[in-house]
There are 2 protein chains.
Amino acid sequence: MALLGLLISEGGASGYTLAKSFSGSIDHVWKAGHSQIYPELVKMVEAGLVDVDEEHRPRGAKHYTATEEGRAALERWLLEVEPNRTVRNEIALRSFLMSLLTPEQALRLLEREREHYRRRAERLAELRNALAEEPGRGFGYFSAELGFRISTAIHEWAEWAREETEKREEENSPD
Amino acid sequence: MALLGLLISEGGASGYTLAKSFSGSIDHVWKAGHSQIYPELVKMVEAGLVDVDEEHRPRGAKHYTATEEGRAALERWLLEVEPNRTVRNEIALRSFLMSLLTPEQALRLLEREREHYRRRAERLAELRNALAEEPGRGFGYFSAELGFRISTAIHEWAEWAREETEKREEENSPD
DNA sequence: CTCTGACATGTCAGTTTTGACATGAAAGCT
DNA sequence: AGCTTTCATGTCAAAACTGACATGTCAGAG
């Protein structure tokens with residue numbers, strides 16, 4: 001569905017273009033490499049969700065476009081299929097397991113993540129601002145805003161967790 | 001690693017208990033059903049990360065405990081292995097694809113998510129508060145706090161997005 | 001004219017994940 | 001004694017995903 005949606009929002013593209021576009025837009029929420037994208041496009045053509053044009057294109061490129069059926073399928077999925085709210089986030093997982101480390105070790109981890117999410121939030125803020133500028137262009141920047149807010153939340157959490165850990169350490173070892 | 005960490009933090013458990021425990025604690029960041037947990041425990045026993053005691057237990061239950069090697073492996077993973085920062089988040093994905101819907105359709109989706117994450121944030125706040133009470137018990141509540149912060153961020157985003165969408169709709173159809 | 005890099009498409013083996021199917025033991029209720 | 005629920009463990013086929021391998025085109029630089 002990520003791929004189909006991307007194809008629709010691009011208004012037609014090649015697998016290669018889609019792969020490029022995947023990293024850089026929805027990459028932050030769902031990843032797919034070209035080895036997943038190419039077979040998936042074939043399947044979608046077979047399912048009638050997507051049309052392909054293989055003719056007269058440089059370097060044997062194929063041009064894909066969504067069919068009406070494909071658009072309808074995506075719409076149905078968005079509106080009628082109950083979302084799977086399971087999230088897979090290794091950083092958050094590590095934050096859970098962090099409680100098994102010593103405070104010193106935990107602080108190292110926290111520092112690394114804090115920095116990472118600070119940068120990520122920064123980048124997403126820029127992206128959101130750029131997208132918000134485009135006047136006619138729908139509300140695609142909602143996605144960037146969400147990414148920004150989640151990254152900021154994680155960054156602030158890491159900061160809070162660091163302070164909390166330092167506080168505890170002082171309490172436990174009052175030299 | 002999620003499973004191993006959970007086992008360590010429980011200080012030994014059965015596959016069944018681990019499955020229960022999985023949903024309700026790390027569930028929010030990484031999911032695994034029993035059909036994944038049972039084979040994985042067998043593999044970890046083979047790898048020497050975990051010990052099993054099958055004797056004299058009611059209903060044929062098996063009791064698993066982490067070995068020193070298992071603890072060391074988890075610690076190494078946390079401290080030395082570069083985290084995979086790929087995130088899979090269907091809600092965020094849908095927020096990206098939302099831009100392909102009409103404002104009315106988008107509003108329906110947003111309302112649903114807003115409500116869902118409001119509830120989730122509430123539940124996690126309670127969990128965090130409960131965990132924070134336990135005095136000796138490490139800093140396992142860090143995880144609940146992170147979940148709470150992320151859920152809150154999504155909830156607030158949904159609220160913001162709804163307002164933003166309504167604003168636009170009014171601009172475009174000034175009856 | 002060669003070489004490098006971006007364009008472009010695939011395959012494949014191995015791992016992970018999902019959802020359905022399957023089985024049985026113990027506890028509690030009526 | 002029969003019934004239901006919770007405890008408890010598994011298997012299996014199908015789908016999704018990853019990383020490595022493999023191939024070829026075209027444009028621009030030197």
Side-chain angles (χ1 to χ4, degrees), chain A residues 1-7 10 12-24 26-47 49-50 52-65 77 81-90 93, chain B residues 1-4 6-7 10 12-24 26-47 49-50 52-64 77 81-90 93:
Chain A
M1 288 302 156
L3 186 62
L4 181 58
L6 190 58
L7 179 61
E10 304 263 300
S14 65
Y16 184 81
T17 310
L18 284 167
K20 287 274 154 178
S21 195
F22 219 103
S23 6
I26 34 188
D27 197 39
H28 293 306
V29 296
W30 207 280
K31 215 191 89 180
H34 78 275
S35 60
Q36 210 180 344
I37 288 173
Y38 289 125
E40 205 57 48
L41 284 166
V42 172
K43 274 192 219 167
M44 288 200 287
V45 170
E46 281 166 10
L49 305 176
V50 158
V52 63
D53 174 14
E54 317 194 31
E55 310 291 310
H56 322 302
R57 288 181 187 275
R59 297 176 232 208
K62 298 180 178 178
H63 193 252
Y64 293 95
T65 35
W77 183 72
V81 177
E82 185 62 16
N84 177 353
R85 281 166 179 113
T86 316
V87 161
R88 220 181 288 171
N89 185 333
E90 200 180 295
L93 171 63
Chain B
M1 287 303 158
L3 185 62
L4 182 57
L6 191 58
L7 179 61
E10 304 262 301
S14 66
Y16 183 82
T17 310
L18 284 168
K20 287 276 153 176
S21 194
F22 220 103
S23 10
I26 36 187
D27 198 38
H28 293 306
V29 296
W30 206 281
K31 215 190 91 180
H34 78 276
S35 59
Q36 210 180 345
I37 289 173
Y38 289 125
E40 206 56 48
L41 284 167
V42 172
K43 273 193 220 166
M44 288 200 289
V45 171
E46 281 166 9
L49 305 177
V50 157
V52 61
D53 174 13
E54 319 194 31
E55 309 293 309
H56 322 303
R57 287 180 189 275
R59 298 177 235 207
K62 298 180 178 177
H63 193 253
Y64 293 95
W77 182 73
V81 177
E82 186 62 15
N84 175 355
R85 285 175 174 104
T86 315
V87 159
R88 219 179 288 172
N89 185 335
E90 200 180 294
L93 170 63

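Reminder, nothing fancy here: chain letters follow the sequence lines and each chain counts from 1. In what follows, every heavy atom counts, from backbone to side chain, and hydrogens, waters and symmetry copies are set aside.
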* Just do the side chain to side chain contact (heavy atoms under 4.5 Å, CB included) check on A/Leu7 and A/Leu18 with the steps written out, would you? => CA-CA 7 Å; A/Leu7 179 61; A/Leu18 284 167; 4.1 Å; yes

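Rounding to whole angstrom units, NZ of residue A/Lys31 and C1' of C/dT16 are separated by 14 Å. Across the protein-nucleic acid pair, B/Leu3 atom CG and C/dT16 atom P stand 13 Å apart, rounded to whole Å. Separating the CD atom of B/Glu90 from the P atom of C/dT18 is a distance of 12 Å, rounded to the nearest angstrom. Residue A/Gln36 contributes atom CD, which lies 19 Å from atom P of C/dG14 at whole-angstrom precision. Summarising the geometry, the separation between CZ on B/Arg59 and C1' on C/dG28 is reported as 11 Å, rounded to the nearest angstrom.
Remark: B/Tyr38 engages B/His34 in a ring-ring contact (aromatic ring centres under 6.0 Å, His included) (not counting sequence neighbours).
Among the protein residues, A/Gly33 comes within range of no part of the nucleic acid, since none of its heavy atoms lies under 4.0 Å from any strand. At the heavy-atom level, A/Gly60 lies under 4.0 Å from the strands shown only through sugar-phosphate atoms.
Under 3.5 Å, the side chains of A/Thr17 and A/Glu10 contain no donor-acceptor pair of N or O atoms.
Close approach of DNA chain D to chain B, defined as any atom under 4.0 Å from a non-hydrogen atom of the protein, starts and stops at D/dT6 to D/dC17.
Residues of residues 38-45 of chain B having a heavy atom closer than 4.0 Å to DNA chain D, listed by number: B/Tyr38.
Electrostatic pairing of B/Lys43 and B/Glu40 counts as a salt bridge here, judged by a charged N lying under 4.0 Å from a carboxylate O.
When the nearest nucleotides of DNA chain D are assigned to B/Tyr64 and A/Arg88 by heavy-atom distance, the more 5′-ward of the two goes with B/Tyr64. Between B/Arg57 and B/His34, the one whose closest nucleotide on DNA chain C sits nearer the 5' end is B/His34. Mapping B/Asn84 and B/Ser14 onto DNA chain D by nearest heavy atom places B/Ser14 at the nucleotide closer to the 5' end.
Note that CG of A/Asn89 and CZ of B/Arg85 are 10.5 Å apart. Values are rounded to the nearest 0.5 Å.
Just one of A/Leu49, A/Ile26, A/Ile37 meets the side-chain contact (heavy atoms from CB on, under 4.5 Å) condition when paired with A/Leu3; it is A/Ile37. The side-chain contact (heavy atoms from CB on, under 4.5 Å) test with B/Val52 is passed by exactly one of B/Val45, B/Val42, B/Leu41: B/Val45.
A donor-acceptor pair under 3.5 Å links the side-chain atoms of B/Glu90 to the main chain of A/Asn84, judged by distance alone.
The shortest non-hydrogen separation linking B/Phe22 to B/Trp30 is CE2-O, 2.9 Å.
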